[in-house]
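Labels below follow one simple rule: chain letters A, B, ... track the order of the sequence lines, proteins then strands, and each chain is numbered from 1.
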Amino acid sequence: MITTDICIIGAGPVGLFAVFEAGLLKMRCHLIDALPVVGGQLSEIYPQKPIYDIPGAPGIIAEDLVKNLLIQIEEFKPGFTLGERVEALTKQDDGSYIVGTNEGTEVHCKVVVIAAGLGSFEPRKPAVERLEHFEGKGVHYMVKRPEQFRDKKIVLAGGGDSALDWTIFLADVASRVTLVHRGETFRGAPDSASKVFELAEAGKIDLILQSQVSSLGGNGVLKEISILDNKKQLTTIETDSFIPLFGLSPKLGPIADWNLGIDKAAVTVVTLDYSTNVERIYAIGDINTYPGKLKLILCGFHEAAIMMQSAFKFVYPEQKLSFKYTTVNGINAF
Amino acid sequence: MINVTVENAEGERQTLEVPTDIGLNLMEVLKAYEYDIMATCGGMGLCATCHIEVLQGAENLNPCNDNELDTLDTLPDADENSRLACQIRPAENMNGLSLRLRALQEA
């Protein structure tokens, strides 16, 4: 069990900056994010895009903003649980909470901050018959441990960068790699695309274009996969694994079941302190909504500062909070 | 002002009056009419949550750029009629455009 003062769900820019605001008030933070990296949308959707409305950082590239935020909060030594999705929130007798993830990690905290943006990024699932039936029994939506595919027969599907990159990488690991793509050409990185065509020509992989995986078969575990081409011809091939790679899309997920006020897939808060209708649970950044809400990173930063002042009373109920400027006091690292 | 017919996930059709002179892209217009689309990336053409299927009038649309095609390629259910609403700028010659919302299941 991890113990901390504040558990922040979501390690995007607002969740990261919240660590700084908490740290100024001597409150420790632990962040959980479903993505394997910090930065949220900035890392997943637009790492190379310039952002023009961050005060004092004109035109900063999204991934640089994430790096800078990590430097800014380093002294407050936040904990990170990445690549795990928050599933459960359990209130304790003393008012504190235990936050649990899909991988069994538990974080005991006095305050919960939801900074989950648009929700957790989850893999897009193609319309394939019996796909969900074989999840964990041969169907994988991401490659976490490439070694598990050593000397196996695998089928990948998709036409983007990750489908190309994993096809190239796994060609040397798996006994047979088949890539199924709806289109005739690839629009991912040209280098990766030409490498995939080279591998196919050399007979190192099977490339099946203008086709889609239509159904899966097997008794208990995945054994075979049926592929439909654009002339409606069906081919069935044997496989141990199927890895559809169609990017990620955000889902609100279990947050919707926590009895919080929800309006149009956002958590309603009061603007006095960005608290939700449940004591000790706050929501900041794109995940919250209130009259006049603007989904801007800079507004999320503001919300983080106000919110942490309010959370102080749950972490240090005996103490009186006195506001201090960093220019006067500097910052006191943990 | 042009007319655009939109079919939602329930198959209900509605014809919208869409202004061509106030700088809104089609995703923004759909949101203004309170269609339930996420438009996660806010119109950068990167998230594919404003995926639409063009039913009629595709020939009048501004063509897909590489960025839009890349993003469409990440969708499991895209086909040759797929576009991202955020990449379409309504213009007078698009009158009569007809489309179906495809990204609703993401909401």
Asker: Nearest 0.5 Å, please: how far is CG in B:Asp79 from CG in A:Asn230?
Answerer: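 Here the interatomic distance stands at 12.5 Å.
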Asker: If you look only at pairs with a residue in residues 162-171 of chain A, which of them pass as a salt bridge (Lys or Arg N to Asp or Glu O under 4.0 Å), with sequence neighbours excluded?
Answerer: none
Asker: What residues of residues 34-50 of chain A make heavy-atom contacts with chain B at a cutoff under 4.5 angstrom?
Answerer: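 The stretch touches chain B at A:Gln41, A:Ile45, A:Tyr46, A:Lys49.
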Asker: Between atom NZ of A:Lys295 and atom OG1 of B:Thr40, what is the distance when rounded to the nearest 0.5 Å?
Answerer: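 Result: 8.0 Å between the selected atoms.
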Asker: What option among B:Pro76, B:Gly42, B:Cys47, B:Ala78 has the most heavy-atom pairs under 4.5 Å with chain A?
Answerer: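 Most heavy-atom pairs within the cutoff with chain A belong to B:Pro76.
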Asker: Looking only at heavy atoms, which two atoms of A:Arg124 and B:Ala48 are closest? And how far apart?
Answerer: NH2-CB, 3.7 Å
Asker: Just checking B:Gln56: does its CD atom have more than 12 heavy atoms from other residues, nucleotides or ligands closer to it than 6.0 angstrom?
Answerer: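 Atom CD in B:Gln56 is not crowded, with 12 or fewer foreign heavy atoms closer than 6.0 Å.
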Asker: Output all residues satisfying side chain to side chain donor-acceptor pair (under 3.5 Å) with B:Thr5, sequence neighbours left out; order by chain, then residue number.
Answerer: B:Thr15
Asker: Please check if atom NZ in A:Lys293 has more than 12 non-hydrogen atoms from other residues, nucleotides or ligands closer than 6.0 Å.
Answerer: yes
Asker: Heavy-atom distance under 4.5 Å between the side chains of A:Lys264 and B:Glu34, does that happen here?
Answerer: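 A:Lys264 reaches B:Glu34 side chain to side chain.
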Asker: For residues 21-32 of chain B, pull every pair meeting side chain to side chain donor-acceptor pair (under 3.5 Å), keeping only residues two or more places apart or in separate chains.
Answerer: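 Passing the test, one end in residues 21-32 of chain B: B:Asn25-B:Glu28.
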Asker: Can you see which heavy atom on B:Met38 is nearest to which on A:Leu118, and at what distance?
Answerer: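 Residues B:Met38 and A:Leu118, closest heavy atoms: CE-CD2, 4.2 Å.
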